Amino acid sequence: MNILFYIAATAAIVSTLMMVISKNVVHSLLFLIVSLFSVSVVMFIIGAPFVAALEVIIYAGAIMVLFVFVIMMLNLSDEEKRKKRLMKSKIWIGPSAISLILLAEMVYVLTAQPGYAMGQEVVLPVAVGELMFTKYIVVVELAAFLLIAGIIGAYHLGQKEKTVHHRYLKNKNQEL
Amino acid sequence: MNVPMEQGILLAAILFCLGLTGLLVHRNIIYMLMSVEVMLNAAGLAFIVAGSAWGEADGQVMFIFILAMAAAEVSVGLALIIQMFKKFRSVDINKASTMNG
């Protein structure tokens, strides 16, 4: 099982890197989906099959479909030419250096400690459900509030702006 | 099946740093939202690795909450991107730096 973990981890890192450096938005989105699948395989291997399924269903299924629909709606044909000049080395070398320093610190902290082998047992959905609806019930309700707020916010932001509120009151932004 | 815990955390750290780099480098707001997704996913992976190291379900519960939060964030963020594209006809966030209220 160890070799499967390393293969899936390499696939996740490579596809995420390709997502960052790809110039086409749709290619980048497809690389992100591959990365999510690879992370799902990693979760399955380390003994969390329930969230591995949730990752595929919700992240790669629902959220990525939202991205695909928005990219189709926006019709970004003229944006592609402008992106060519944005990837000069002067622009990406500073942020990459900062991220690499952060990563080097984390690698140092992780390798300075003695190793800790992960447990053998698989955590089944029964344990997750029991814990979620006893110990974390308040957080579940907070997540429900957050989802309701997200639905209302997305509906409010997505609707068309009214041009006429009343017969004599035109919206000022529309007159410009 | 004995993957060391450090290597799982290390994978999460590498993915997080890649997402952070993407967020800092790109000026296209769709790329930035996708990089934020990568970072949230890496944080959730760290929770799951830590939870499965002790054989507890707490990490998976936290990942489910992160998933709900990511879904709400993406729906609002994509609605904002559509509004921004209607207003500026572009997804470049440098165009949005001149907005006045």
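Predicted model only: the values in this text are computed from it and were never measured. Naming: A, B, ... by sequence-line order, numbering from 1 per chain.
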Pair B:Leu15-B:Met39, side-chain contact (heavy atoms from CB on, under 4.5 Å): steps then yes or no
CA-CA 7 Å; B:Leu15 289 180; B:Met39 288 164 73; over 6 Å; no
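- Test A:Val34, A:Leu36, A:Val41 against A:Ser38 for side chain to side chain contact (heavy atoms under 4.5 Å, CB included) and you get one pass: A:Val34.
- In this structure, chain B has a heavy atom under 4.5 Å from the side chain of A:Ile58, while its backbone stays farther away.
- Heavy atoms of B:Leu11 lying under 4.5 Å from chain A belong exclusively to its side chain.
- At a 4.5 Å heavy-atom cutoff, the contact between B:Ile64 and chain A is made by side-chain atoms alone.
- A:Met19 contributes atom CE, which lies 14.0 Å from atom NE2 of A:His27 (distance to the nearest 0.5 angstrom).
- Here the closest non-hydrogen pair linking A:Ala52 and A:Phe44 is CB-N, 3.9 Å.
- For a residue to count as touching a neighbouring chain, one of its non-hydrogen atoms must lie under 4.5 Å from one of that chain's; by this rule A:Val107 touches chain B with backbone and side chain alike.
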For B:Ile93 and B:His26: C-alpha separation, side-chain torsions, deciding distance, then whether side-chain contact (heavy atoms from CB on, under 4.5 Å) applies.
CA-CA 9 Å; B:Ile93 58 160; B:His26 282 290; over 6 Å; no
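- Contacts between A:Leu29 and chain B at a heavy-atom distance below 4.5 Å involve backbone atoms as well as side-chain atoms.
- Listed for the B:Glu6 side chain is no donor-acceptor partner under 3.5 Å among the backbone atoms of A:Leu110.
- With chain A as partner, the option from B:Leu33, B:Val49, B:Asp58 having the largest number of non-hydrogen pairs under 4.5 angstrom is B:Asp58.
- Ranked by non-hydrogen atom pairs under 4.5 Å with chain B, the options A:Gly129, A:Ala143, A:Ala48 are led by A:Ala48.
- Smallest separation of non-hydrogen atoms from B:Ala46 and B:Ile9: O-CD1, 4.1 Å.
- Between chain B and the residues A:Ile151, A:Val140, A:Leu124, the largest count of heavy-atom pairs under 4.5 Å involves A:Val140.
- Both the backbone and the side chain of B:Glu37 come within less than 4.5 Å of a heavy atom of chain A.
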Go through it in stages, so that I can follow the logic: the residues are B:Thr21 and A:Ser96, the test is side chain to side chain donor-acceptor pair (under 3.5 Å), and I'd like the CA-CA distance, side-chain angles, deciding distance and then a yes or no.
CA-CA 6 Å; B:Thr21 312; A:Ser96 306; 5.1 Å; no
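- Heavy atoms of A:Met132 lying under 4.5 Å from chain B belong to its backbone as well as its side chain.
- Among B:Val74, B:Ile82, B:Asn41, the residue making the largest number of heavy-atom pairs under 4.5 Å with chain A is B:Asn41.
- Both the backbone and the side chain of A:Leu17 come within contact range of chain B, each with at least one heavy atom under 4.5 Å from a heavy atom of that chain.
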